[in-house]
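Below is one structure, written out as structure tokens, with a few remarks after it.
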Amino acid sequence: MKPATKFKELVAVFEQLEATASNLKIMDLLADFFSHITPEEARLTAYLLRGKVAPDYEGLELGLAKKLVMRSLAQAWGTPLKEVENRFQKTGDLGDVAARIAPQREGGELSIQEVFAELQTIARASGARSQEVKIQILAALLSRCSPQEAKYVTRIVLGTLRLGVAEMTFLYGLSKALTGTKEKKAILENAFNVLSDLGEVAYQAVKKGVEALQEVQPVIGIPIRMMLAQRVKDLEEVKKHLPGQVIVEYKYDGERIQAHISKQGEITLYSRRHEKITHQFPDIVAALGRALQGKEAIIEGEVVAIDPQIGKLQNFQILMTRRRKHGVEEYVRKVPVKYFIFDILYFEGKSLLKTPLSQRKEVLTRHFPDSDGLTLAKYIMTGDVEEMEGFFAEAIEQGGEGVVLKDVTSIYEAGTRGWKWIKFKKDYRRELADTFDLVVVGGIYGTGRRAGTYGSLLVAAFNPETNKYYSFTKVGAGFTDQELARLPDRLAKYNLPEKYRLVETQIEADVWFEPALVMEITGAELTISPVHTVAKEELKKGGLALRFPRFLRWRDDKSPEQATTVQEIYELYTSIRR
DNA sequence: TGTGCCTGCCC
DNA sequence: ATTCTGC
DNA sequence: GCAGAATGGGCAGGCACA
């Protein structure tokens, strides 16, 4: 019987990982650690690495993030909350804050199991005063830690270990530890893709060896990690990756659902991240029950909200009102949905993961005739770019997001974002995307690798009638590291002690700016916002905002008065509204 | 009982 | 979701 | 090109608190 591994030992590995950039070195460090821990400790380490205490499909959450963790830090060492906040603002990492304010002490009394058990208790706390309980438990745990231990406990809870190690690297390290080479990671990855439980894979691998995981098969009731698509800027580019015949399929703007139907007719629905969402869609469950009639299957598709009057596809925002636990029946009537099935991974006792897509599609067409609430996703088969363009235009016209192009010969590559599936949306192509020239009015401090600069900027449109600026979105994507590093200097001269009086927004920025700088921004589409204020008066139900915003470039040639106007955005909204 | 903050999870 | 970056 | 780590809008649910 091995002695329980100390949390301190894991922390020592973390320290080393944090200091190394080389992937190979990282794998060696992990491998070294894995080779002297028990199967159960390997399981727990896997969960801790992801900032979780269970696989996703068990739905057990810590329910404690930045704000409550800050309160825990304050409580653990009697530091004023204000000071914790200030330090966080400066360093951008609560783990580092914890390490700084924790008093020097040896540590080493905690084992991995004990730390895990405490976090599990936090996760299980619920009901009145449970927030206080969670904070208390974490604070007590932290107070038993050395500064280094406290740093990683904090980061684990926040799910931001920032070590350059996530699931794949973990599996490489495990492979190396157990087989002496990283090459067997493929076996582990395959097992992970089918079991969707990194901890379970780690446990079994350490216990029975990597080879024992060779033939892991899908199980009804355990979600399979979903295959994802790469993206291209243009349909021409598809030819580079998929030269032959491809399936061109509507890309629906809804929620991905993997449905498991057992022989006994038990049905479970899983979201893309393996949350059980069966209770949200009794209508889909009923439709699947009727369609399958005792056959077992795992199928995949997209649920989309449908306009009850005319049957047209509705936008994502409307579907989101169905992500609920109360009043489900009412919303089944109010927001009807349709399940657009596009794949089948298991049927009648057989895994179809290795069956070519063309055959999986045949199974679908043979066994899933359209019915109330169920339809097969619309697609064509072609190798001709012109035809793809036409179908893409049709998909957009019908209310789709774009198209997904799929290699007809490809197997289902669970969990990977490979080139066998390629997505193409309108906003990926510069000429088709809407762009906006917006005024920078606020900044939000960055965290982690963006510590010391801004993580995002609050930008606004101009209204010449009121002479005011109306917030439209925050942008944090699209900046290079170099650009990010320049931001504080570039913006410093416009710094204000408080929000500029002519800026309208309900967002709280860390730093406010005088409207001066203009930047070009693109995004996918307009949404109705509870916090942004563009065209808020005209719309009544909220302001307009931008989904998936990203920075393109500065427009130093433009003054803030020459920025995109509120009126222009509102017109865009009314013109494309469906 | 109503409201607002916080969190987790969809995209 | 999108984007950037080091390996 | 992979894997990881930054970042967005916005919804419902749970809890704290007035």
Side-chain angles (χ1 to χ4, degrees), chain A residues 20-26 52 56 59 61-71 92 125-134 158-172 228 230-231 252-257 271-275 277 280 302-303 315-328 331 401 416-419 423 425 427-428 444 446-451 453-459 472-484 507 521-532 542-552:
Chain A
T20 76
S22 153
N23 290 327
L24 294 171
K25 185 84 189 300
I26 284 176
K52 302 268 182 177
D56 293 328
E61 307 306 326
L62 286 169
L64 184 118
K66 205 161 65 184
K67 299 283 184 176
L68 299 189
V69 167
M70 284 200 275
R71 285 172 59 189
S126 72
R129 285 190 303 279
S130 60
Q131 288 191 352
E132 211 44 54
V133 169
K134 286 170 192 269
L158 295 172
T160 52
L161 233 21
R162 302 183 45 233
L163 301 174
V165 178
E167 287 153 349
M168 292 304 124
T169 311
F170 178 92
L171 293 177
Y172 274 119
L228 304 172
Q230 275 289 3
R231 25 180 304 178
Y252 297 93
D253 188 11
E255 184 175 0
R256 182 97 171 250
I257 288 187
S271 71
R272 204 185 103 175
R273 282 173 52 182
H274 308 151
E275 297 295 316
I277 52 171
Q280 292 172 16
E302 190 92 357
V303 235
N315 65 36
F316 179 72
Q317 235 177 335
I318 291 174
L319 177 74
M320 288 323 273
T321 63
R322 292 232 13 205
R323 299 192 52 215
R324 57 174 53 249
K325 165 157 149 178
H326 310 299
V328 172
Y331 272 78
E401 267 191 307
T416 60
R417 190 183 291 282
W419 289 98
K423 59 179 167 176
K425 304 206 282 188
D427 56 294
Y428 295 169
I444 290 86
T447 65
R449 55 184 276 125
R450 296 206 181 167
T453 179
Y454 295 106
S456 65
L457 298 176
L458 179 64
V459 296
F472 184 43
T473 187
K474 289 190 282 183
V475 226
F479 298 108
T480 60
D481 283 1
Q482 194 186 34
E483 190 56 64
L484 283 168
I507 301 273
I521 280 169
T522 192
E525 69 262 336
L526 302 176
T527 58
I528 304 293
S529 174
V531 290
H532 291 292
L544 291 174
L546 187 62
R547 179 146 84 137
F548 309 145
R550 52 258 196 202
F551 168 85
L552 291 178

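Everything numeric in this text was worked out from a predicted model, so none of it was measured. Because only heavy atoms are used, hydrogens play no part in the values below, and waters and symmetry mates are left out as well, while side chains stay in. Letters A, B, ... mirror the listed sequences (proteins, then strands); counts begin at 1.
- First and last contacts of DNA chain C with chain A, using any nucleotide atom under 4.0 Å from a protein heavy atom and ordered 5' to 3', fall at C:dA1 to C:dC7.
- Between the CG atom of A:Leu319 and the P atom of D:dC11 there is a distance of 12 Å, given to the nearest Å.
- Residues A:Arg547 and A:Glu525 meet the side-chain proximity criterion, which asks for heavy atoms closer than 4.5 Å.
- Distances shown here put a side-chain N or O of A:Lys474 below 4.0 Å from the OP1 or OP2 atom of D:dG8.
- Across all strands, A:Ala524 comes closer than 4.0 Å to no nucleic acid atom at all (heavy-atom distances).
- Distances shown here put every side-chain N or O of A:Lys134 at or beyond 4.0 Å from the OP1 or OP2 atom of D:dC15.
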Protein-to-nucleotide contact annotation, 5' to 3' order, nucleotides 1-11 of chain B [B base; S sugar-phosphate only; - none; under 4.0 Å, heavy atom]: -----SSBBBB
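- Taking side-chain N and O atoms only, A:Thr416 has no distance below 4.0 Å to OP1 or OP2 of D:dC2.
- Between the CG atom of A:Leu24 and the P atom of D:dC2 there is a distance of 17 Å, rounded to whole Å.
- Where A:Tyr428 and A:Gln482 each meet DNA chain C at their nearest nucleotide, the meeting point lying more 5' is that of A:Tyr428.
- The residue A:Thr160 sits apart from the nucleic acid: no heavy atom pair falls under 4.0 Å.
- For A:Tyr428, the ring pair (Phe, Tyr, Trp, His ring centres under 6.0 Å) test picks out no residue, with sequence neighbours left out.
- Between A:Thr169 and D:dA3 there is no side-chain N or O to OP1 or OP2 distance below 4.0 Å.
- Distance check: A:Glu61 CD to A:Ser126 OG gives 13.0 Å after rounding to the nearest 0.5 Å.
- OP1 or OP2 of D:dC11 has not a single side-chain nitrogen or oxygen of A:Thr321 nearer than 4.0 Å.
- At whole-Å resolution of the value, CD in A:Glu167 and P in D:dG4 are 8 Å apart.
- Counting heavy atoms from C-beta on, the side chains of A:Arg71 and A:Glu132 come closer than 4.5 Å.
- One atom, NZ of A:Lys325, and another, C1' of D:dG14, lie 8 Å apart when rounded to the nearest Å.
- The side-chain heavy atoms of A:Arg449 and A:Leu484, taken from C-beta on, include no pair separated by under 4.5 Å.
- Contact of the A:His532 side chain with the A:Leu458 side chain is registered, since non-hydrogen atoms from C-beta on lie closer than 4.5 Å.
- Across C:dT5 and B:dG4, the matching C1' atoms stand 39 Å from one another, rounded to whole Å.
- Backbone-only contact: A:Phe479 has heavy atoms under 4.0 Å from sugar-phosphate atoms and none from a base.
- Rounded to whole Å, atom C1' of D:dG8 lies 10 Å from atom CZ of A:Arg450.
- Put simply, the side chain of A:Asn315 gets close to the backbone of A:Ile318: a donor and an acceptor are under 3.5 Å apart.
- For the pair A:Leu457 and A:Phe479, the minimum side-chain heavy-atom distance is below 4.5 Å.
- Side-chain contact between A:Ser22 and A:Thr20 is absent, with no heavy-atom pair separated by less than 4.5 Å.
- Computed from coordinates, the A:Leu552 CG to D:dG8 P distance equals 17 Å when rounded to whole Å.
- Taking the nucleotide of DNA chain D with the nearest heavy atom to each of A:Pro549 and A:Gly164, the more 5' of the two is matched to A:Gly164.
- For A:Ser529, a side-chain nitrogen or oxygen approaches OP1 or OP2 of D:dG10 to under 4.0 Å.
- Note on A:Gly523: nothing from the nucleic acid sits closer than 4.0 angstrom, heavy atoms only.
- Contact annotation for A:Arg129: backbone-only contact, meaning every heavy-atom pair under 4.0 Å involves sugar-phosphate atoms and none involves a base.
- In this structure the side chain of A:Leu544 reaches within 4.5 angstrom of the side chain of A:Ile528, judged on heavy atoms.
- For the pair A:Ser456 and D:dT7, the criterion of a side-chain N or O lying under 4.0 Å from OP1 or OP2 is not met.
- OP1 or OP2 of D:dC11 lies within a sub-4.0 Å distance of a side-chain N or O belonging to A:Gln317.
- Going from atom CD of A:Glu132 over to atom C1' of D:dC17 covers 13 Å, rounded to whole Å.
- Look at A:His326 and you won't find any side-chain N or O under 4.0 angstrom from OP1 or OP2 of D:dA12.
- A:Leu484 comes within 4.0 angstrom of nothing in the nucleic acid, heavy atoms only.
- The residue among A:Ser130 and A:Ile444 whose nearest nucleotide of DNA chain D is located toward the 5' end is A:Ile444.
- A 4.5 Å side-chain heavy-atom check between A:Glu255 and A:Arg322 finds every atom pair outside the cut-off.
- Rounded to whole angstrom, the span from the CG atom of A:Asp427 across to the P atom of D:dG9 amounts to 16 Å.
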